[in-house]
Amino acid sequence: MLLAIDIGNTNITLGVFQGKELLGKFRMTTKQPRTSDEYGITLRELLRNQDMDPEEIDAVIIASVVPDIMHSFGSAIIKYFGHKPIVVSAGIRTGIRVATENPRQTGPDRIVDAVAAYKLYGGPIIVVDFGTATTYDLVEPDGTFGVGVTAPGIRTSARALWGGAAMLPEIEIRKPETILAKDTVCSMQAGLVYGYIGQTEYIIRKLKEESGYMDAKVVATGGLGNIIVKETDSIDYYDSDLTLKGLQLIYEKNKKSR
């Protein structure tokens, strides 16, 4: 079985694959400092709680946007699973061409999402990932990934709102019944959700207009993305497992060379 790991700024998402089938997934927080032993023991226990045998893991692939934890995390995989993980980085085979101005600075998560979107849904395609940051990336018909937009994530924007204004409370992020808000909480929810719907639709439209790919499909993934997807016709697909599927596809391209 393959253990696919997406290390994001907020959460670490893990998926277990048998071939192309995703058998199960689980999450742990990223920001809590851990030793390699703590990572290793936690990962094995999470697998057991999903009725999976850690000893059946025969390969591991990782995409990480948090370099600070990679030494401890990589050591945990080697020590507790007995495998050196494939790490998504410059030079790895992906099946798409990264043509950004500096490919080495392009987030591994964005590359993985682009791979999955292009392989599963075809091109041209726009990939929207609603995470700590919300990213909008365009993959051209020939598999070239060269342009992208980065915006604050919904939760990041919310924290800035109540963190920077003393009289605004911390709120649940959800769509209110109406935009005609009559209280503080609903007014904040309306601004966050409807504002994000407007941002999403505008950026997608501008990407299509300026690229000329007016027929580009749009796939969304990540966090609170399902809230936005339900409220707009600009997004064609929502795939919560897009990043994990991309990791599995990249593993298949690289396993024969190991």
Peer 1: Kindly write out the residues that satisfy side chain to side chain donor-acceptor pair (under 3.5 Å) with Glu201, not counting sequence neighbours, or none if the list is empty.
Peer 2: Thr232
Peer 1: For Thr156 and Thr132, does a side-chain donor sit closer than 3.5 Å to a side-chain acceptor?
Peer 2: no
Peer 1: If I compare all heavy atoms of Leu2 with all of Asp58, which pair ends up nearest, and what's the gap?
Peer 2: N-OD1, 4.3 Å
Peer 1: Side chain to side chain contact (heavy atoms under 4.5 Å, CB included), that's the test. Do Val128 and Val229 meet it? Break it down for me.
Peer 2: CA-CA 10 Å; Val128 187; Val229 171; over 6 Å; no
Peer 1: Counting N and O atoms only, with roles assigned by atom type, does the side chain of Thr221 sit under 3.5 Å from a partner on the main chain of Asp129, one being a donor and the other an acceptor?
Peer 2: no
Peer 1: Would you indicate whether Asp233, at its atom CG, is surrounded by more than 12 heavy atoms from other residues, nucleotides or ligands within a distance under 6.0 Å?
Peer 2: no
Peer 1: Would a hydrophobic clustering, with Ile, Leu, Val, Met, Phe, Trp and Tyr connected at side-chain separations under 4.5 Å, put Ile179 with Ile154?
Peer 2: yes
Peer 1: Check the hydrophobic clustering (I, L, V, M, F, W, Y; side-chain heavy atoms under 4.5 Å; chains of links allowed) and say if Ile12 and Tyr80 are grouped together.
Peer 2: yes
Peer 1: May I ask you to test the Pro169-Thr184 pair for a side-chain heavy-atom distance under 4.5 Å?
Peer 2: yes
Peer 1: I'd like to know if Ile41 and Ile69 are part of one continuous hydrophobic network [Ile/Leu/Val/Met/Phe/Trp/Tyr, side-chain heavy atoms within less than 4.5 Å].
Peer 2: yes
Peer 1: I need the Lys253 NZ to Gln248 CD distance, nearest 0.5 Å.
Peer 2: 12.0 Å
Peer 1: For a 4.5 angstrom cut-off between non-hydrogen side-chain atoms, does Thr200 reach Tyr136?
Peer 2: yes
Peer 1: Asp239 and Tyr121: side chain to side chain contact (heavy atoms under 4.5 Å, CB included), yes or no, with the steps?
Peer 2: CA-CA 11 Å; Asp239 189 338; Tyr121 300 98; 3.0 Å; yes
Peer 1: Counting distance only, does the side-chain N/O of Asp241 pair as donor-acceptor with the main-chain N or O of Leu244 below 3.5 Å?
Peer 2: no
Peer 1: Mind running side chain to side chain contact (heavy atoms under 4.5 Å, CB included) on Tyr251 and Ile86 for me, showing each step along the way?
Peer 2: CA-CA 8 Å; Tyr251 168 74; Ile86 296 174; 3.6 Å; yes
Peer 1: In sequence, state the C-alpha distance, the side-chain angles, and the governing distance for Glu210 and Arg205, and then conclude on salt bridge (charged side-chain N to carboxylate O under 4.0 Å, His left out).
Peer 2: CA-CA 9 Å; Glu210 295 195 20; Arg205 184 171 74 250; over 6 Å; no
Peer 1: Side chains of Lys175 and Tyr194: closer than 4.5 Å at any heavy-atom pair?
Peer 2: yes
Peer 1: Report yes or no: does Gln189 contribute a side-chain atom to a donor-acceptor pair with the main-chain N or O of Glu172 at less than 3.5 Å?
Peer 2: yes
Peer 1: Which heavy atom of Ile78 sits nearest a heavy atom of Lys84, and at what distance?
Peer 2: CG1-CA, 4.0 Å
Peer 1: What about Leu23 and Val60, same hydrophobic cluster or not, with Ile/Leu/Val/Met/Phe/Trp/Tyr joined at side-chain heavy-atom distances under 4.5 Å?
Peer 2: yes
Peer 1: Rounded to the nearest 0.5 Å, how far does CD1 of Ile111 lie from CG of Leu247?
Peer 2: 11.5 Å
Peer 1: Could you see if Leu242 belongs to whatever hydrophobic cluster contains Leu22? Use Ile, Leu, Val, Met, Phe, Trp, Tyr and a side-chain cutoff under 4.5 Å.
Peer 2: yes
Peer 1: Is the CD atom of Glu177 crowded by more than 12 outside heavy atoms at less than 6.0 Å?
Peer 2: no
Peer 1: Is there a donor-acceptor contact under 3.5 Å linking the side chains of Asp37 and Thr35?
Peer 2: no
Peer 1: Just by distance, do the side chain of His71 and the backbone of Ser36 share a donor-acceptor pair under 3.5 Å?
Peer 2: no
Peer 1: Are any side-chain N or O atoms of Thr144 and backbone N or O atoms of Glu140, one a donor and one an acceptor, separated by less than 3.5 Å?
Peer 2: no
Peer 1: How far apart are the C-alpha atoms of Ile7 and Met70, what are their side-chain angles, what is the distance that settles it, and do they pass the side chain to side chain contact (heavy atoms under 4.5 Å, CB included) test?
Peer 2: CA-CA 9 Å; Ile7 301 178; Met70 282 303 293; 3.8 Å; yes
Peer 1: Sub-3.5 Å donor-acceptor pair from the side chain of Asp236 to the main-chain atoms of Val218, do we have one?
Peer 2: yes
Peer 1: Are the side chains of Arg27 and Leu14 in contact, using a 4.5 Å heavy-atom criterion?
Peer 2: no
Peer 1: Would you call Glu252 and Lys119 a salt bridge, taking side-chain N to carboxylate O under 4.0 Å as the test?
Peer 2: no
Peer 1: Atom CG in Leu138, atom CD1 in Ile125: separation rounded to 0.5 Å?
Peer 2: 10.0 Å
Peer 1: Inspect the surroundings of CZ in Arg155 and state if more than 12 heavy atoms from other residues, nucleotides or ligands are less than 6.0 Å away.
Peer 2: no
Peer 1: Quick check for you: to the nearest 0.5 Å, what is the distance between Leu192 atom CG and Ile171 atom CD1?
Peer 2: 5.0 Å
Peer 1: Once rounded to the nearest 0.5 Å, what's the spacing between atom OG1 of Thr135 and atom CG of Asp113?
Peer 2: 6.5 Å
Peer 1: Taking the side chain as everything from C-beta on, heavy atoms only, tell me whether Met52 gets closer than 4.5 Å to Leu46.
Peer 2: no
Peer 1: Quick one: are Ile250 and Ile61 in side-chain contact, heavy atoms under 4.5 Å?
Peer 2: yes
Peer 1: Calculate, to the nearest 0.5 Å, the distance between atoms CD1 and CD belonging to Ile204 and Gln199 respectively.
Peer 2: 10.0 Å
Peer 1: Indicate yes or no for a side-chain donor-acceptor contact from Ser157 to the backbone of Gly153 under 3.5 Å, with no hydrogens or angles considered.
Peer 2: yes
Peer 1: Output yes when a side-chain donor or acceptor of Asn254 lies under 3.5 Å from a complementary backbone atom of Arg93, and no otherwise.
Peer 2: yes
Peer 1: Looking only at atom types and distance, does a side-chain atom of Tyr118 sit under 3.5 Å from a main-chain N or O of Pro141, one as donor and one as acceptor?
Peer 2: yes
Peer 1: Which pair of heavy atoms, one from Ile203 and one from Val149, lies closest together, and at what distance?
Peer 2: CD1-CG1, 4.1 Å
Peer 1: Quick check against the 3.5 Å criterion: does Gln50 have a side-chain atom that pairs as donor or acceptor with the backbone of Leu47?
Peer 2: no
Peer 1: To check you understand the geometry: which heavy-atom pair defines the closest contact between Tyr238 and Gly225, and what is its length?
Peer 2: CE1-C, 3.8 Å
Peer 1: With a 4.0 Å cut-off on N to O distance, would you call Arg48 and Asp53 a salt bridge?
Peer 2: no
Peer 1: Check whether any side-chain heavy atom of Thr30 lies under 4.5 Å from a side-chain heavy atom of Thr10, and answer yes or no.
Peer 2: no
Peer 1: Do you know which two heavy atoms are closest between Ser64 and Pro108, and how far apart they sit?
Peer 2: O-CG, 3.4 Å
Peer 1: Any side-chain heavy atom of Val127 within less than 4.5 Å of one from Phe145?
Peer 2: no
Peer 1: Of the non-hydrogen atoms in Ile62 and Pro85, which two are nearest, and what is the gap between them?
Peer 2: CD1-CB, 3.8 Å
